[in-house]
Amino acid sequence: MSEHWEEEGRYGHPIVATLAGGAVLVLAALLGPRFASPLPLPALLIGGAAAGLVLWLIGLLITTRHSNLVWKLGSLVLLIAAGAGAAMVAHGQFQTRSRADASSFAEIELTPDGAVMLPQGVAGRGPVSALYAEAVQAEAADKRAFTDALAKFGAPALNSPYLLQQNPKPIQDCAALDNVRALAVAQSAKRLDRRAALARAIGSASLPVTAKQGVVQIVGDAKLDPTLGNQQALLDATAELCKLLARKTWVNANAYFGFPNGADGAAFKAIGQKRVALSADADAIARAESARILAGREQVRDALSHSIYTKE
């Protein structure tokens with residue numbers, strides 16, 4: 001120890017100063033990515049080297065200035081190198097954390113009916129992943145609630161004279177469909193709110209531009225909701241059918257609705273064709289949504305195939 005003391009100078013302690021500065025840089029590299037926004041690697045390297053220089057200057061003022069020139073220069077080189085190394089460590093942490101969040105969208109799968117299947121542990125991969133997982137769960141719950149509301153009204157009975165004879169309640173209160181219509185509007189508003197919240201989270205997330213674009217595509221438009229328009233049109237057609245059947249001019253013709261009145265029969269046929277077309281439109285909307293999600297997934301996968309903080 002006395003030899004080091006003599007080599008460093010009577011009052012200079014460059015080893016202690018260098019080790020202390022290195023410790024500060026290591027802590028910054030480990031803790032910084034938890035609180036700071038990510039930066040490109042070149043910026044991190046410059047910042048790390050600058051931090052090393054600042055720490056060297058602090059050490060110089062406190063103690064290293066009493067050492068000889070070799071120790072001063074050696075401490076400077078070591079701290080600048082340590083700063084660059086800390087930048088590499090921070091860069092790796094930023095990459096790991098951001099890739100974990102983006103990986104949720106790269107691993108999305110769809111069921112045959114178009115439902116989103118999320119990877120395991122998605123909620124713990126990052127803030128955007130957690131928010132999207134909540135949105136997927138809420139969307140699935142809304143679909144079940146809408147289906148249940150139609151069933152509670154008795155919509156399936158409007159497709160079967162047998163069921164309608166067994167339970168004529170739906171045609172006794174066609175206005176009850178307004179409750180289903182109100183539910184559809186409320187669900188659409190919440191759907192758009194969830195998308196808007198996701199858009200804000202994506203905008204502030206530590207993801208590269210291409211990955212963000214892919215995630216935005218997966219999440220969907222926060223201003224347009226074609227599903228609501230289709231639901232409202234289908235409910236309007238269902239209300240027309242309900243009012244027509246409520247007139248009770250039909251008969252059960254071997255499990256089909258029969259209309260001795262030609263005008264009512266023609267109206268029934270027109271309403272049926274409208275409902276079939278609207279169902280086809282709903283299928284088209286679902287297919288377009290699936291295609292949008294898969295296209296966004298591929299864009300995220302492509303972004304993750306590169307270093308996600310290289311210059312774009």
Side-chain angles (χ1 to χ4, degrees), residues 31-40 90-111 113-147 183-228 231 285-309 312:
L31 300 179
R34 297 176 179 271
F35 309 103
S37 299
L39 295 171
H91 175 68
Q93 289 210 76
F94 280 132
Q95 288 252 13
T96 299
R97 293 168 69 87
S98 296
R99 282 180 180 275
D101 206 356
S103 68
S104 301
F105 301 91
E107 297 174 22
I108 283 176
E109 298 293 344
L110 299 180
T111 64
D113 62 352
V116 174
M117 295 177 59
L118 297 173
Q120 291 185 346
V122 62
R125 296 192 182 191
V128 181
S129 297
L131 199 58
Y132 184 63
E134 293 176 3
V136 169
Q137 293 173 352
E139 183 65 22
D142 282 352
K143 287 181 179 180
R144 290 192 298 270
F146 186 78
T147 300
L183 176 64
V185 172
Q187 288 183 344
S188 176
K190 289 189 292 185
R191 184 181 304 119
L192 294 179
D193 285 344
R194 289 193 294 267
R195 291 178 180 177
L198 275 162
R200 290 191 294 272
I202 294 166
S204 60
S206 56
L207 296 172
V209 174
T210 52
K212 285 185 178 184
Q213 290 171 345
V215 176
V216 167
Q217 192 169 8
I218 290 171
V219 169
D221 197 321
K223 296 181 180 179
L224 299 176
D225 185 12
T227 297
L228 175 61
Q231 288 176 330
I285 292 171
R287 288 194 300 270
E289 182 175 356
S290 296
R292 170 176 54 76
I293 291 173
L294 293 177
R297 181 190 68 181
E298 294 309 309
Q299 189 167 359
V300 175
R301 286 180 175 178
D302 181 67
L304 293 183
S305 68
H306 310 288
S307 177
I308 64 175
Y309 287 112
E312 297 183 87

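- To the nearest 0.5 angstrom, R200 atom CZ is 9.0 Å from L131 atom CG.
- Atoms CZ and CD, from R144 and E139 in turn, are 10.5 Å apart once rounded to the nearest 0.5 Å.
- In this structure the side chain of D101 reaches within 4.5 angstrom of the side chain of P127, judged on heavy atoms.
- Between V219 and Y132, the shortest heavy-atom contact is CG2-CD1, 4.2 Å.
- Counting heavy atoms from C-beta on, the side chains of L294 and L110 come closer than 4.5 Å.
- Between R301 and A106, the shortest heavy-atom contact is NE-O, 2.7 Å.
- In this structure, L192 and L224 approach most closely via the heavy-atom pair CD2-O, 3.8 Å.
- The shortest heavy-atom contact between R125 and P119 is NH2-CB, 3.6 Å.
- In this structure, CZ in R195 is found 11.5 Å from CD1 in I202, a value given to the nearest 0.5 Å.
- Note that CZ of F146 and CD of Q231 are 4.0 Å apart. Values are rounded to the nearest 0.5 Å.
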*List the steps, then state whether side chain to side chain contact (heavy atoms under 4.5 Å, CB included) holds for T227 with I285.*
CA-CA 7 Å; T227 297; I285 292 171; 4.0 Å; yes
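- Under the 4.0 Å criterion applied to side-chain N and carboxylate O atoms, D225 and R191 are assigned as salt-bridge partners.
- Minimum heavy-atom separation, L228 to S188: CD2-OG, 3.4 Å.
- K190 has its side chain within reach of R194: a pair of non-hydrogen atoms, C-beta onward, lies under 4.5 Å apart.
- With values rounded to the nearest 0.5 angstrom, D142 atom CG is found 10.5 Å from T147 atom OG1.
- With salt bridges taken as basic N to acidic carboxylate O contacts below 4.0 Å, none links D113 and K143.
- Across every non-hydrogen atom of S129 and S104, the tightest pair is OG-OG, 2.7 Å.
- To the nearest 0.5 angstrom, I218 atom CD1 is 8.5 Å from R297 atom CZ.
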